[in-house]
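Here's the structure we're looking at; comments come further down.
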Amino acid sequence: MSGGARATWRDEVPPPAIPRPGALGWLLVLLRGGGIVLVLALGVLLIVPLRLAERLFTGPRRPVTGPHVQIVCRLCLWIMGLRWRCIGRPMRGPGAAVANHSSWLDIFVLNAAMPVFFVSKSEVAGWPGINILTRVTDTHFVARDPRLARAQAEEFAERTRAGHRLLFFPEGTSSDGCRVLPFKPTLFQGFLDPALPEGLAIQPMSAHYHAPESRDPRFYGWWGDMDLGPHLLAVLAQYPQGSVTVRLHAPIPVAGETRKTLAIRAETEIREGFSQD
């Protein structure tokens with residue numbers, strides 16, 4: 001599972017050694033991993049007819065499968081043993097969400113907080129294991145190619161008009177889970193497209209992981225030279241688990257803002273929420 005699935009952000013302090021599972025750890029990997037795979041498999045089987053029904057009665061909207069994925073992700077966190085809580089309420093009306101990015105765990109944690117559709121770089125679509133999650137959760141893939149910028153902006157606008165809550169990671173990479181990296185204003189340019197609905201707003205989301213007492217504080221962060229497979233096994237094998245707190249902050253209206261002011265306001269909210277817990 002490590003082929004191509006590798007973290008990128010680097011810090012002056014190298015990542016901690018990923019703990020190898022012991023006898024109990026391997027048993028937990030089998031039990032938890034098997035339970036999560038079963039839940040995901042059932043979720044996929046159910047989501048296919050639900051999507052067909054949505055297409056028939058609601059067009060491109062996702063009034064049923066969005067909450068369905070949310071329930072699946074909450075079940076997976078429960079099986080994993082990761083304690084989870086959410087503070088705040090999801091926004092109403094047209095808009096998108098932005099969040100800090102710590103780990104592959106964000107797929108479960110942020111989707112458990114509210115129905116969202118992740119925006120990810122196109123190469124993630126080929127990562128074994130993760131690519132299944134991204135397809136099931138209807139991830140919005142983007143390519144870093146200026147020639148495709150206009151087409152991708154139009155697709156973003158179309159999904160927003162359909163009520164999809166797209167979730168962006170303005171840091172551009174995952175961190176060690178103990179900090180919020182600087183936001184890149186370039187990403188926020190897409191929120192200023194005139195094709196987007198009026199009254200558009202951005203809801204900042206902060207996710208703060210707390211490692212088990214016996215582990216390095218950066219235990220849940222996936223970063224540096226870490227391969228995906230060993231990190232995934234270490235998390236599944238951990239007992240007892242730590243926790244994560246998600247905060248849904250007040251939406252930021254886009255009207256009258258620039259990409260730089262949007263980036264500053266969203267980063268400020270997320271940093272404050274990150275430090276509160």
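These numbers come from the heavy atoms of this one structure, side chains and all, not from hydrogens, waters or symmetry mates.
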### Query
Do Glu171 side-chain atoms and Leu181 backbone N/O form a donor-acceptor pair below 3.5 Å?
yes

### pair Trp104-Val235: side-chain heavy atoms closer than 4.5 Å
yes

### Task
Please round to the nearest 0.5 Å and tell me the distance separating atom OG of Ser214 and atom OH of Tyr239.
11.5 Å

### Query
What distance separates Trp84 CH2 from Ser243 OG, expressed to the nearest 0.5 Å?
12.5 Å

### Query
Judged by atom type as modelled, is there a donor-acceptor pair below 3.5 Å linking the side chain of Asp193 to the main-chain atoms of Ala195?
yes

### Message
Can you tell me how the ring of Phe188 sits relative to the ring of Phe183, calling it parallel under 30°, perpendicular over 60° and tilted otherwise?
### Response
parallel

### Task
Consider only side-chain heavy atoms of I, L, V, M, F, W and Y, link residues closer than 4.5 Å, and tell whether Leu82 and Leu30 are in one cluster.
no

#### Entry: Where Pro16 and Met226 come nearest, the two heavy atoms and their spacing
CD-CE, 4.2 Å

### Message
Restricting to non-hydrogen atoms, name the atom on Ala157 and the atom on Leu196 that form the minimum distance, rounded to 0.1 Å.
### Response
CA-CD2, 3.4 Å

### Query
At what distance, to the nearest 0.5 angstrom, does CG of Leu42 lie from CD1 of Ile47?
12.5 Å

### Query
Should Val109 and Val246 be marked as a side-chain contact (heavy atoms from CB on, under 4.5 Å) after you check the CA-CA gap, both sets of side-chain angles, and the distance that decides it?
CA-CA 8 Å; Val109 169; Val246 179; 3.3 Å; yes

### Query
Do Leu236 and Leu28 touch side chain to side chain, with heavy atoms closer than 4.5 Å?
no

### Message
Checking Ser175 against His101: is there a side-chain donor and acceptor pair closer than 3.5 Å?
### Response
no

### Query
Would you say the side chain of Pro170 lies within less than 4.5 Å of the side chain of Lys184, judging by non-hydrogen atoms?
no

### Task
Taking Arg165 for its side chain and Gly95 for its backbone only, find out whether a donor-acceptor pair lies under 3.5 Å.
yes

### Query
So, do Leu248 and Met91 sit near enough that their side-chain heavy atoms are less than 4.5 Å apart?
no

#### Entry: Polar contact flag, side-chain donor to acceptor under 3.5 angstrom, Glu257-Thr261
yes

### Residues Tyr220 and Gln238: side-chain donor-acceptor under 3.5 angstrom
no

### Message
On a heavy-atom basis, which atom in Cys76 and which in Leu40 lie closest, and how many Å separate them?
### Response
SG-CD2, 4.0 Å

### Query
Do side-chain atoms of Arg32 reach the backbone of Met80 as a donor and acceptor pair under 3.5 angstrom?
yes

### Query
Quick check: does any side chain N or O of Arg51 sit under 3.5 Å from a backbone N or O of Thr65, one acting as donor and the other as acceptor?
no

### Task
Give, for atom CG of Leu31 and atom CG of Leu27, the distance between the pair rounded to the nearest 0.5 Å.
4.5 Å

#### Entry: Crowding at CH2, Trp78 (>12 non-hydrogen neighbours, <6.0 Å)
no

### Query
What's the spacing between Leu262 CG and Leu192 CG if we round to 0.5 Å?
6.0 Å

### Message
Give me the atom names and distance for the closest heavy-atom approach of Val64 to Glu54.
### Response
N-OE2, 2.8 Å

### Message
Hydrogens and angles aside, do Tyr209 and Asp106 bring a side-chain donor and acceptor to less than 3.5 Å of each other?
### Response
yes

### Message
Do Thr173 and Thr8 pair up side chain to side chain, a donor and an acceptor below 3.5 Å, judged on atom types alone?
### Response
yes

### Message
If we ignore hydrogens and angles and just use 3.5 Å, is the side chain of Glu213 paired with the main-chain N or O of Gly242 as donor and acceptor?
### Response
no

### Task
Report whether Val72 and Leu50 are members of the same hydrophobic cluster (ILVMFWY, side-chain heavy atoms less than 4.5 Å apart, transitive linking).
no

#### Entry: Ser103 and Trp223, any side-chain heavy atoms less than 4.5 Å apart
no

### Query
Are Ile18 and Leu233 in one and the same hydrophobic cluster, where Ile, Leu, Val, Met, Phe, Trp and Tyr link if side-chain heavy atoms are under 4.5 Å apart?
yes

### Task
Pick out which of Arg62, Arg159, Arg61 makes a side chain to side chain donor-acceptor pair (under 3.5 Å) with His164.
Arg159

### Minimum-distance pair of heavy atoms, taken over all atoms of His249 and Gly273
CE1-CA, 3.5 Å

### Task
Considering only NZ, NE, NH1 and NH2 on the basic side and carboxylate oxygens on the acidic side, decide whether Glu267 and Arg271 come within less than 4.0 Å.
yes

### Query
With a 4.5 Å heavy-atom cut-off, do His208 and Val244 have their side chains touching?
no

### Closest non-hydrogen atom pair between Cys178 and Arg218, with its separation
SG-CG, 3.6 Å

### Message
Using side-chain contact (heavy atoms from CB on, under 4.5 Å), reason through Val119 and Phe169 one step at a time and then give a plain yes or no.
### Response
CA-CA 8 Å; Val119 177; Phe169 293 119; over 6 Å; no

### Query
Side-chain heavy atoms under 4.5 angstrom apart, residues restricted to Ile, Leu, Val, Met, Phe, Trp, Tyr: same cluster for Ile71 and Ile36?
yes

### Task
Would you confirm whether the ring centroid of Phe168 sits within less than 6.0 angstrom of the ring centroid of Phe118?
no

### Message
Could you check whether Arg85 and Thr245, counting side-chain N and O atoms only, form a donor-acceptor pair closer than 3.5 Å?
### Response
yes

### Task
Could you tell me whether the side chain of Phe219 reaches within less than 4.5 Å of the side chain of Pro212, counting heavy atoms only?
yes

### Task
Answer yes or no: is there a side-chain heavy-atom contact under 4.5 Å between Phe108 and Leu75?
no

### Task
Tell me, with the steps shown, if Leu52 and Leu56 meet side-chain contact (heavy atoms from CB on, under 4.5 Å).
CA-CA 6 Å; Leu52 291 175; Leu56 179 63; over 6 Å; no

### Task
From the options Ile270, Asn100, Val98, Leu167, select the one residue that forms a side-chain contact (heavy atoms from CB on, under 4.5 Å) with Met205.
Leu167

### Donor-acceptor contact present, side-chain Gln203 to main-chain Ile252, <3.5 Å
no

### Summary
Rounded to the nearest 0.5 Å, the CG atom of Leu187 sits from the CZ atom of Arg259 at a distance of 10.5 Å

